[in-house]
Amino acid sequence: MFIRKIVFFMICLLLTAVIPASGQKQVPGEGIITDKEIRMAVETRLRLADSVPAHLIDVESNDRKVVLSGSVDNILAREQATRIARTVKGVKSVVNRMDVSPVSLTDNQIRERVIDILFRGPATDAAEIDVAVQDGNVTLKGQVDSWQEKRLVEKRSKSVKGVVGVRNEVIVS
């Protein structure tokens, strides 16, 4: 009896995926997702992401190709917007034309913020990292215990406002 229920459920699931909803036309090989639906889904997911300022990002979709434009204040937000757009069903590709807008902070202020965020987190507080900043570009040098810690140091640095680039020269020991 249990197996019959599972088989019935699987058939219903398969039919739901194959048969288009009423009033929608399915183009062979294309599915039933429209560019408007893709744009709306990307915009919704961007709004739900805490680390992405969705109100600063414009989303266009044409032939299931998403183009992101606008300006954000850190490169992590730029990268995450791309990742989020790629997760939307029906998206073929994502072009990120977003700028990282300069923030009126000095290189020293950016350096202090990067150091603060690195040593505030429990996973990176013991890392031996030297931070240098020139024109908003951060260079990280030092040693960490794992590859994951190296990536985390880079990711946390990218989240700082005013950072326009990160060069990760940290060595895993």
Side-chain angles (χ1 to χ4, degrees), residues 5-103 105 110 113-114 117-118 120-124 136-138 140 144 146-168 170 172:
K5 287 182 180 180
I6 291 176
V7 171
F8 178 74
F9 176 75
M10 297 297 284
I11 291 171
C12 289
L13 192 63
L14 183 64
L15 288 174
T16 313
V18 174
I19 299 173
S22 158
Q24 292 179 322
K25 148 174 113 166
Q26 186 168 9
V27 179
E30 288 293 325
I32 56 174
I33 300 172
T34 66
D35 283 320
K36 181 179 179 182
E37 291 169 327
I38 289 173
R39 181 183 50 78
M40 289 172 50
V42 170
E43 288 174 346
T44 300
R45 288 195 185 170
L46 290 174
R47 278 195 294 278
L48 294 173
D50 292 333
S51 59
V52 178
H55 65 285
L56 300 175
I57 301 172
D58 295 319
V59 179
E60 295 175 29
S61 180
N62 188 11
D63 195 26
R64 299 181 352 175
K65 296 174 186 169
V66 174
V67 177
L68 303 173
S69 57
S71 184
V72 293
D73 61 8
N74 66 73
I75 56 178
L76 185 61
R78 184 180 191 275
E79 291 173 355
Q80 287 181 331
T82 301
R83 268 188 238 112
I84 289 167
R86 284 186 181 140
T87 65
V88 172
K89 184 177 179 179
V91 172
K92 283 185 181 177
S93 64
V94 178
V95 176
N96 190 331
R97 293 187 179 149
M98 294 173 19
D99 295 320
V100 179
S101 61
V103 177
L105 295 173
I110 294 171
R113 289 179 181 205
V114 170
I117 201 164
L118 290 179
R120 201 173 348 129
T124 57
N137 290 293
V138 174
L140 303 169
V144 293
S146 68
W147 184 85
Q148 291 86 352
E149 193 174 6
K150 177 178 177 169
R151 291 291 153 229
L152 184 59
V153 165
E154 181 177 335
K155 184 177 181 179
R156 290 179 144 247
S157 298
K158 287 178 177 180
S159 71
V160 174
K161 291 181 182 183
V163 173
V164 296
V166 175
R167 172 184 268 154
N168 191 347
V170 173
V172 178

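These values consider heavy atoms only, across backbone and side chains, with no hydrogens, waters or symmetry-generated copies.
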Colleague: Looking only at heavy atoms, which two atoms of A77 and V52 are closest? And how far apart?
Modeller: O-CG2, 4.1 Å
Colleague: If you measure from NZ on K161 to CD1 on I110, what distance do you get to the nearest 0.5 Å?
Modeller: 12.5 Å
Colleague: Determine the minimum heavy-atom distance between V153 and S157, stating which atoms define it.
Modeller: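 Reported closest heavy-atom pair: O-OG, 2.9 Å.
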Colleague: What is the distance from atom NZ of K89 to atom CZ of R64, rounded to the nearest 0.5 Å?
Modeller: 10.5 Å
Colleague: Is any side-chain N of the basic residue among E154 and K150 closer than 4.0 Å to the acidic one's carboxylate O?
Modeller: no
Colleague: What's the spacing between R120 CZ and R113 CZ if we round to 0.5 Å?
Modeller: 10.5 Å
Colleague: Scan residues 46-61 for pairs that pass salt bridge (Lys or Arg N to Asp or Glu O under 4.0 Å), counting only residues two or more places apart or in two chains.
Modeller: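 Of all non-adjacent pairs touching residues 46-61, none passes salt bridge (Lys or Arg N to Asp or Glu O under 4.0 Å).
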Colleague: So, applying side-chain contact (heavy atoms from CB on, under 4.5 Å) with V164, which one of D73, V138, D99, N137 is it?
Modeller: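 In the set D73, V138, D99, N137, the residue that makes a side-chain contact (heavy atoms from CB on, under 4.5 Å) with V164 is N137.
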Colleague: Quick one: which of V67, T82, V66 gives a side-chain contact (heavy atoms from CB on, under 4.5 Å) with V95?
Modeller: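 With V95 as partner, side-chain contact (heavy atoms from CB on, under 4.5 Å) holds for just one option, V67.
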Colleague: Looking at V100 and V163, what are the two nearest heavy atoms and their distance?
Modeller: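 V100 and V163 have their closest heavy atoms at CG1-O, 3.7 Å.
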Colleague: Supply the atom-to-atom distance K36 NZ to R39 CZ, rounded to the nearest 0.5 angstrom.
Modeller: 7.0 Å
Colleague: If you count every heavy atom of other residues, nucleotides or ligands that lies below 6.0 Å from R167 atom CZ, does the total exceed 12?
Modeller: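 Check fails, neighbour count at 12 or below.
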Colleague: Please check if the side chain of N96 supplies one atom and the backbone of R78 the other of a donor-acceptor pair under 3.5 Å.
Modeller: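 Yes.
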Colleague: CG/N74 to OG/S51 distance, rounded to the nearest 0.5 angstrom?
Modeller: 8.0 Å
Colleague: Under 4.5 Å between any side-chain heavy atoms of Q80 and K158, yes or no?
Modeller: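 No, too far: nothing below the 4.5 Å cut-off.
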Colleague: About how many Å separate OG of S61 and CE of M40, when rounded to the nearest 0.5 Å?
Modeller: 12.0 Å
Colleague: Are side-chain heavy atoms of N168 and R151 found at a separation under 4.5 Å?
Modeller: yes
Colleague: What pair of heavy atoms forms the shortest contact from I57 to A81, and how long is it?
Modeller: CD1-CB, 4.0 Å
Colleague: Indicate the atoms forming the closest heavy-atom contact of A85 with V91, along with that distance.
Modeller: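 Here A85 and V91 meet closest at O-CG2, 3.6 Å.
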Colleague: Is the closest side-chain heavy-atom distance between L56 and S71 below 4.5 Å?
Modeller: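 No, every pair of side-chain atoms sits at 4.5 Å or beyond.
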Colleague: Do the side chain of R156 and the main chain of I117 share a donor and acceptor less than 3.5 angstrom apart?
Modeller: yes
